[in-house]
Amino acid sequence: MTFTYDVENEDGEVVIRYGVEATFTEDVPGFFSGRPDKCRPNEGGELEDLTVYLGNKDVTQQITDELYFKIREYAKECR
């Protein structure tokens, strides 16, 4: 999935707009009926890879850990 992530100043103005590519593991639906030994919970759907761009440049390694984790959480919410 691809999306943009905006960083705003205290006045709510966008000061930086990042492009983001997020990859998630495949969702495998659970099975919840029948005999208990045949049931299983949902699996997958975890965030596997996250790349942050400023324009066309990969800046994933240059952003702060705090910003990286905020973008990760946003990606999970948007999924």
Legend entry - No-hydrogen, no-angle side-chain donor-acceptor test under 3.5 Å, T25 and E48: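 No.
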Legend entry - Residues forming a salt bridge (charged side-chain N to carboxylate O under 4.0 Å, His left out) with E66, sequence neighbours excluded: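 E66 satisfies salt bridge (charged side-chain N to carboxylate O under 4.0 Å, His left out) with K70 only.
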How long is the span from the [atom1] atom in [X] to the [atom2] atom in [Y], to the nearest 0.5 Å?
| X | Y | atom1 | atom2 | result |
| --- | --- | --- | --- | --- |
| D65 | I63 | CG | CD1 | 8.5 Å |
| L67 | R72 | CG | CZ | 13.0 Å |
| I71 | T4 | CD1 | OG1 | 10.5 Å |
| Y68 | Q62 | OH | CD | 13.0 Å |

Where do [X] and [Y] come nearest, in terms of heavy atoms and distance?
| X | Y | answer |
| --- | --- | --- |
| M1 | C78 | CE-CB, 3.5 Å |
| V59 | Y18 | CG2-CE2, 4.0 Å |
| F24 | G45 | CD2-O, 3.4 Å |

Inset, instruction - Establish whether V15 and Y53 are linked, either directly or via other cluster members, by ILVMFWY side-chain heavy-atom contacts under 4.5 Å. - result: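 Different hydrophobic clusters.
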Legend entry - hydrophobic_cluster_shared for Y74 and V52, side chain cutoff 4.5 Å: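 Linked within one cluster.
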Inset, instruction - Check the surroundings of atom CG in D11: do more than 12 heavy atoms from other residues, nucleotides or ligands lie under 6.0 Å from it? - result: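 Buried by this count: over 12 neighbours within 6.0 Å.
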Inset, instruction - Applying side chain to side chain donor-acceptor pair (under 3.5 Å), run through T51 and E21 and close with a yes or a no. - result: CA-CA 5 Å; T51 307; E21 290 182 4; 5.2 Å; no
Legend entry - Side chains of T60 and L50 in contact at under 4.5 Å (non-hydrogen atoms):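 No, side chains not in contact.
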Legend entry - cation_pi(R17, Y5) dist<6.0 Å, angle<=45: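 Cation-pi check for R17 and Y5: fails.
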Legend entry - Backbone of V20 reached by a side-chain donor or acceptor of T2 within 3.5 Å: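 Not a single qualifying donor-acceptor pair exists.
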